[in-house]
Amino acid sequence: MIVLTNKQEANMNRLLIFTGILFLLTGCLVGPKYTRPDLGVPSSFIQQSDSLRRDSVANIQWWELYKDKALQNLIRISLEQNKDIKTAVARVEESRAVLGFSKANLYPSIGYDVKGGYNKVNENAQATGIGIDGEAYSLLGTLSWEVDLWGRIRHANRSAYAQLLADEDNQKAITISVVADVASLYFQLRGLDERLEISKNTVAAREESYRLISARFEKGYVAEIDKFQAEQQVAFAAANIPAIERDIVAVESALNVLLGRNPSALIRGFQNSEQQIELEIPAGLPSSVLEKRPDVNAAEQNLIAQTELIGVAQALRFPTLSLTGFAGVASADLGTLLENNSLATGFAGQLLGPIFQFGQNKRRVEIEKKRTEQLLYQYEKTVLIALGDVESSLKAVRSYRDEYSARDREVIANRNIVLLSRARYDGGFTTYLEVLESERQLYESELNRSFTKQNQLAATVQLYKALGGGW
């Protein structure tokens, strides 16, 4: 058992007192404290209506409002397999490890030092005093600690923590973006499926008309130009089919990339015209909406992280204090290493600071301040973009709803016009040109209605994305 002498005990007490004083000195924190800038957010959206209801999707994932099981399954696969999401998750884990690494700098580094050796020098060397024969053994515990006098380490920790939060928000933003892209591409795919069916049905109907016109031409009932016009209409509708089929393959490929898998056939669910969703948008203030936008939160956390780096740069203008110490046993004889008189202790402090570095330290602070200013502008820009996204999405949802209603009436009217035109032509009251024009307008109106329905569904997706993935 090793017993401390009075002198050794006094040294240890002085070391403890000195360490306590240093802990008190670590309260000297230099550098700015972050405060959220006044963004001047408006109290309400221009496109928001008083009739909009509150808390419609408070307890479910927003994409579950679409009752299409095939779409929901695609979204679940993307959440599990999408490569961008996996990359974002790994980046968050990296930031968490960086934060843990940075936090460790606040505490002393404790280690050990074990030495043992034997020296043998020749007689000429001993005579000149170069060395002596003998053994040396030591078993020491070591301690080193940089005292955070000016808050450099604490600022670095806060910066790392803010960066972690920013990466977490970036992960959420990527997740929302992936889900929105999957839903939008799915509605685009179903729109292409619908337009492909419309085109095929149109080709079939026009081929039948061409067959009848050709038969009438052979019997001399109609002019040859009617036959050529009917043939031209068949070719026009048929030419759209390969283009639509190419677009279907391209959209399927894009969806498979989001799903993190090789090209494969996708199971379809509801047609776009069968999708049912009732939007009940909350009447909350823009400020509360912005709090759900992960890109806005990430921009602010990046600003916070950079603000803390100003404190790091300012702390580097002041001296740093490092402490080192050891305690253990040392002896020239291995057999007496653990005896009382083999006890060895010691500690030292080092104060290191700049005096004149030609303005480098000052410029370092200015650099960090200007970087902070840049991120402030980017944060403000992100907020403006977020507000604009919500306004545009609110308008798009309403306008596409009204447009689809008008497109639907247009299709119904054109179908009636086609029926009447064919009856008039068969009765000899009009030329075939009127029939062709009415059929062309019907085909275009059906395609336009399909596009409008696709855009209407995509607008609902963009609204949820603009609102931060629901509310």
Side-chain angles (χ1 to χ4, degrees), residues 68 70-71 74 181-217 222 224-259 262-275 400 403-404 406-419 421-422 425 432-459:
D68 193 328
L71 173 58
L74 293 178
D181 288 346
V182 169
S184 296
L185 285 173
Y186 179 80
F187 294 140
Q188 182 179 351
L189 179 64
R190 298 305 284 136
L192 288 168
D193 291 338
E194 181 183 22
R195 292 189 286 279
L196 179 62
E197 183 179 359
I198 291 172
S199 296
K200 287 182 176 180
N201 291 338
T202 300
V203 169
R206 291 182 178 181
E207 284 179 340
E208 178 63 18
S209 296
Y210 174 70
R211 186 185 65 78
L212 294 175
I213 294 296
S214 297
R216 292 180 178 181
F217 169 73
V222 299
E224 188 175 14
I225 190 173
D226 290 355
K227 173 186 173 182
F228 288 143
Q229 287 175 333
E231 184 178 9
Q232 184 268 341
Q233 289 299 302
V234 172
F236 176 80
N240 286 337
I241 293 177
I244 295 175
E245 291 175 337
R246 288 194 300 270
D247 290 340
I248 288 175
V249 173
V251 173
E252 285 183 325
S253 298
L255 268 171
N256 279 310
V257 171
L258 291 175
L259 300 177
N262 295 326
S264 59
L266 297 174
I267 297 176
R268 269 74 156 170
F270 293 157
Q271 296 180 5
N272 282 348
S273 58
E274 298 172 332
Q275 300 286 351
Y400 277 122
E403 181 180 343
Y404 180 76
R407 295 290 186 189
D408 192 51
R409 294 196 306 270
E410 180 185 8
V411 169
I412 295 174
N414 281 329
R415 285 174 179 171
N416 292 327
I417 291 173
V418 168
L419 292 176
S421 295
R422 287 175 178 172
Y425 175 72
Y432 191 61
L433 185 62
E434 179 180 304
V435 176
L436 295 178
E437 179 63 18
S438 64
E439 288 181 345
R440 182 190 64 80
Q441 291 179 352
L442 173 60
Y443 180 47
E444 290 183 357
S445 65
E446 288 178 332
L447 293 178
N448 289 334
R449 184 179 65 172
S450 174
F451 276 113
T452 302
K453 188 61 177 181
Q454 173 188 313
N455 291 334
Q456 181 188 14
L457 294 170

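Count residues from 1 along the sequence. Keep in mind the model is a prediction, meaning the values are calculated, not measured.
Annotation: side chain of N256 is not in contact with side chain of N262 (no heavy-atom distance under 4.5 Å).
Distance CD1/I412 to CG/N416: 8.0 Å, rounded to 0.5 Å. Considering CD1 of I248 and CG of L266, their distance stands at 11.0 Å, rounded to 0.5 Å. How far CZ of R190 is from CD of E274: 7.5 Å, rounded to the nearest 0.5 Å. In this structure, CG on D226 lies 7.5 Å from CG on L436, to the nearest 0.5 angstrom. Atom CD of E403 is separated from atom OG1 of T452 by 4.0 Å, given to the nearest 0.5 angstrom.
A238 and P242 make their closest contact through O-CD, 3.1 Å (heavy atoms, listed as atom of the first residue, atom of the second, distance). Contact detail for L259 and L74: the closest heavy-atom pair is CD2-O, 3.1 Å. Minimum interatomic distance between D68 and G269 (heavy atoms only, all atoms of both residues): OD1-CA, 3.4 Å. Heavy atoms only, all atoms of each residue included: V435 and S421 are closest at CG2-O, 3.5 Å.
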Do Q441 and E437 pass the side-chain hydrogen bond (donor to acceptor under 3.5 Å, both in side chains) test, and can you show the C-alpha distance, the side-chain angles, and the key distance before you say yes or no?
CA-CA 6 Å; Q441 291 179 352; E437 179 63 18; 3.0 Å; yes
Is there a side-chain contact (heavy atoms from CB on, under 4.5 Å) between E224 and F217? Walk through the geometry before answering.
CA-CA 6 Å; E224 188 175 14; F217 169 73; 3.3 Å; yes
Between V222 and Y432, is the side-chain contact (heavy atoms from CB on, under 4.5 Å) condition met? List the steps.
CA-CA 9 Å; V222 299; Y432 191 61; over 6 Å; no
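Atom CD1 of I225 sits in a sparse spot, with 12 or fewer heavy atoms from other residues, nucleotides or ligands closer than 6.0 Å. By the neighbour-count criterion of 12 heavy atoms within 6.0 Å, atom CZ of F236 is sparsely surrounded, having that number or fewer from other residues, nucleotides or ligands.
Not a single side-chain hydrogen bond (donor to acceptor under 3.5 Å, both in side chains) links Q271 to another residue, sequence neighbours left out. Under the side chain to side chain contact (heavy atoms under 4.5 Å, CB included) criterion, V257 pairs with no residue, sequence neighbours left out. Among residues two or more places apart in sequence or in another chain, the side-chain hydrogen bond (donor to acceptor under 3.5 Å, both in side chains) test is passed with Q232 by none. Partners of R415 by side chain to side chain contact (heavy atoms under 4.5 Å, CB included), not counting sequence neighbours, listed by chain and number: V411, L442, E446, R449. Here E439 pairs with R422 under the side-chain hydrogen bond (donor to acceptor under 3.5 Å, both in side chains) rule; sequence neighbours left out. Residues satisfying the side chain to side chain contact (heavy atoms under 4.5 Å, CB included) test with N455, not counting sequence neighbours, are Y400. Remark: S214 pairs with Y210, K227 by the side chain to side chain contact (heavy atoms under 4.5 Å, CB included) rule, at least two apart or across chains. Applying the side-chain hydrogen bond (donor to acceptor under 3.5 Å, both in side chains) rule to S445 yields the partners N414; only residues at least two apart in sequence or on another chain are considered.
Annotation: ring-ring contact (aromatic ring centres under 6.0 Å, His included) contacts involving residues 185-206, sequence neighbours excluded, comprise Y66-F187. Counting only residues at least two apart or on different chains, the salt bridge (Lys or Arg N to Asp or Glu O under 4.0 Å) pairs with a member in residues 230-259 are E252-R268. Counting only residues at least two apart or on different chains, the salt bridge (Lys or Arg N to Asp or Glu O under 4.0 Å) pairs with a member in residues 201-214 are E208-R211.
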Side chains of residues 195-202: which donor-acceptor partners sit under 3.5 Å, not counting sequence neighbours?
{"residue": "R195", "atom": "NH1", "partner": "G191", "partner atom": "O", "Å": "3.4"}
{"residue": "R195", "atom": "NH1", "partner": "S450", "partner atom": "OG", "Å": "3.0"}
{"residue": "R195", "atom": "NH1", "partner": "Q454", "partner atom": "OE1", "Å": "3.3"}
{"residue": "R195", "atom": "NH2", "partner": "Q454", "partner atom": "OE1", "Å": "2.9"}
{"residue": "S199", "atom": "OG", "partner": "R195", "partner atom": "O", "Å": "2.9"}
{"residue": "S199", "atom": "OG", "partner": "Y443", "partner atom": "OH", "Å": "2.8"}
{"residue": "N201", "atom": "ND2", "partner": "E197", "partner atom": "O", "Å": "3.3"}
{"residue": "T202", "atom": "OG1", "partner": "I198", "partner atom": "O", "Å": "2.7"}

